[in-house]
Protein chains: 2
Amino acid sequence: MTDADRELPGAREAAEAWESLFRAQVALMRRFQRDDVWGDLTIREYDVLFTLSGCPGGTARLKELGEGSLLTQPSLSRMVERLEQAGLVERGPVQGDARGVAVCLTPEGRRVQREIGRRHVRSIRRLVGGALDTEELATLRALTDKLRAAQAQIPDPSGSDA
Amino acid sequence: MTDADRELPGAREAAEAWESLFRAQVALMRRFQRDDVWGDLTIREYDVLFTLSGCPGGTARLKELGEGSLLTQPSLSRMVERLEQAGLVERGPVQGDARGVAVCLTPEGRRVQREIGRRHVRSIRRLVGGALDTEELATLRALTDKLRAAQAQIPDPSGSDA
DNA sequence: CTCCCTTTCATGCATACGCATCGATCTTGT
DNA sequence: ACAAGATCGATGCGTATGCATGAAAGGGAG
């Protein structure tokens, strides 16, 4: 048994926490999907616009966008293609890397993202804010932030341990 | 402003908590998907088998299965059809409702679910248990349980408030 | 510089998904 | 009992997704 193993909480506690987190996310996502706030967009497409809206200049590389998404690289590539045809983003070259594709929010794309975002936040406030008080929200956020941050530190289970 | 509005925490706190929860879920799901533990199944298919494994007799109605899934009813209907062709579940009639379809885990289906589940739990322990200690896991679970339970109590934003 | 391997994005193809709709059954009101 | 409406699941059809692969550019060793 290694030191790392010794530090791990029981599998039961970890599995139950993950399942609860997952189920809560599914339950909320189902309700958000039903919301009549998405216009012509999919919730996944909105998520891409939202991610872009938080990037400097409303611009990010395709690769970066993919890292925050559950979509595969080909799927994201085609989704961006559709968003470009819809006039919500533009694709351009990347400074200093001719392979890269810079995805940039158009003014219309930013407007649409803000419009949907405003309505979506109301729904979040009702469903999430209606379930937990301010202190609980802060605790939840701290824990999920920590959980996500830790993923960058935990290596893949590749044969590196041999 | 109604009493319900007065009770709500700020939209900012709710939105930040939801975003953090969502991003943590995405980050973890991405890593789980990479895991070489799923055999011939999709993670979504495993989730259906897992849900069934927690039902009395390994059986549930199609409708019930759908309530715990992000899939639409037609998609779930066809997924169950595929799982049946793979010999992992069986479809049968429902007691007292000729419309219903009872989905039942076959012995092989239960075996496959347990096999995958065992490997998956190891990964959960590593990635989730490696990020939070036992007390934090318990707190996270309590909050997400509460969050999910509350969704059943909060009505749709239909015109019922007029 | 050149070769080789990696990284980044696009494309062909098969498949799973969502939307709209249908058929069948249950439920409710009269 | 009957008609009208709701609920449950299946199916047609167009589209989005994933896997495998390709094309183009970066990076490093000789």
Side-chain angles (χ1 to χ4, degrees), chain A residues 26 29-36 38-49 52 55 59-86 88-104 156 158, chain B residues 26 29-36 38-49 51-52 59-86 88-104 156 158:
Chain A
V26 167
M29 199 66 84
R30 280 176 60 87
R31 305 217 43 177
F32 289 143
Q33 277 182 338
R34 286 185 198 282
D35 282 338
D36 189 27
W38 307 109
D40 292 332
L41 298 181
T42 303
I43 204 169
R44 288 175 162 178
E45 293 169 333
Y46 168 75
D47 188 50
V48 168
L49 295 189
L52 272 180
C55 295
T59 303
R61 294 189 57 148
L62 208 40
K63 183 76 190 316
E64 300 174 293
L65 277 180
E67 287 165 1
S69 166
L70 283 177
L71 291 172
T72 60
Q73 178 269 317
S75 293
L76 184 61
S77 183
R78 282 171 165 130
M79 177 185 290
V80 167
E81 188 180 355
R82 292 193 300 272
L83 290 174
E84 185 175 40
Q85 288 171 358
L88 302 177
V89 306
E90 279 178 357
R91 287 190 289 189
V94 170
Q95 265 281 34
D97 189 343
R99 296 170 304 177
V101 168
V103 184
C104 179
D156 274 339
S158 312
Chain B
V26 167
M29 198 66 83
R30 280 175 61 87
R31 303 216 46 176
F32 289 142
Q33 277 182 338
R34 285 184 200 282
D35 282 339
D36 189 27
W38 307 108
D40 292 332
L41 298 181
T42 303
I43 204 169
R44 287 174 162 178
E45 292 168 333
Y46 168 76
D47 188 48
V48 168
L49 296 189
T51 300
L52 273 180
T59 304
R61 293 188 58 145
L62 208 41
K63 183 76 190 316
E64 300 174 294
L65 277 180
E67 287 165 1
S69 165
L70 283 177
L71 291 172
T72 60
Q73 178 268 315
S75 293
L76 183 61
S77 183
R78 282 171 166 132
M79 177 186 287
V80 167
E81 188 181 352
R82 292 192 301 272
L83 290 174
E84 185 175 40
Q85 289 172 358
L88 302 178
V89 305
E90 280 179 358
R91 286 189 290 189
V94 170
Q95 263 281 38
D97 189 343
R99 296 170 304 178
V101 168
V103 184
C104 180
D156 274 339
S158 311

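Chain letters run A, B, ... following the sequence lines, proteins first and then strands; every chain starts at 1. Below, each value reflects all heavy atoms present in this structure, side chains not excepted, and no hydrogens, waters or symmetry copies.
- For Ser75(A), no side-chain nitrogen or oxygen approaches OP1 or OP2 of dA16(D) to under 4.0 Å.
- Per the geometry, CG belonging to Leu62(B) stands 17 Å off P belonging to dT7(D), to the nearest Å.
- The interatomic distance linking Leu83(A) (CG) with dT17(D) (C1') rounds to 15 Å, in whole Å.
- If you walk DNA chain C from 5' to 3' and mark each nucleotide with an atom closer than 4.0 Å to a heavy atom of chain A, the marks span dT7(C) to dC13(C).
- Distance, Gln73(B) CD to dG12(D) P: 14 Å, rounded to whole Å.
- Gln95(B) places its CD atom 17 Å from the C1' atom of dC8(D), with the value rounded to the nearest Å.
- Taking the side chain of Pro74(A) as heavy atoms from C-beta on, and the options dT17(D), dA20(D), dA24(D), the nearest nucleotide is dA20(D).
- Contact between the side-chain N/O atoms of Arg99(B) and the OP1/OP2 oxygens of dA10(D) is not found at any separation under 4.0 Å.
- Comparing Arg82(A) and Ala98(A) by the nucleotide of DNA chain D that holds the closest heavy atom to each, the one mapping nearer the 5' end is Arg82(A).
- Side-chain atoms of Arg78(A) come within donor-acceptor range of the base of dG18(D), with a qualifying N/O pair under 3.5 Å.
- Residue-to-nucleotide proximity on DNA chain C shows that, of Glu64(A) and Gln33(A), the 5′-proximal contact is made by Glu64(A).
- If you measure from atom CH2 of Trp38(B) to atom P of dC19(D), you get 14 Å, rounded to the nearest angstrom.
- Each of Thr72(A) and Asp97(B) was matched to the nucleotide of DNA chain D holding its nearest heavy atom; the match closer to the 5' end belongs to Asp97(B).
- When the C1' atom of dT17(D) is taken as reference, atom CE of Met79(B) falls 13 Å away, rounded to whole Å.
- Residue side chain Glu81(B) does not reach the base of dA10(D) through any donor-acceptor N/O pair under 3.5 Å, judged by distance alone.
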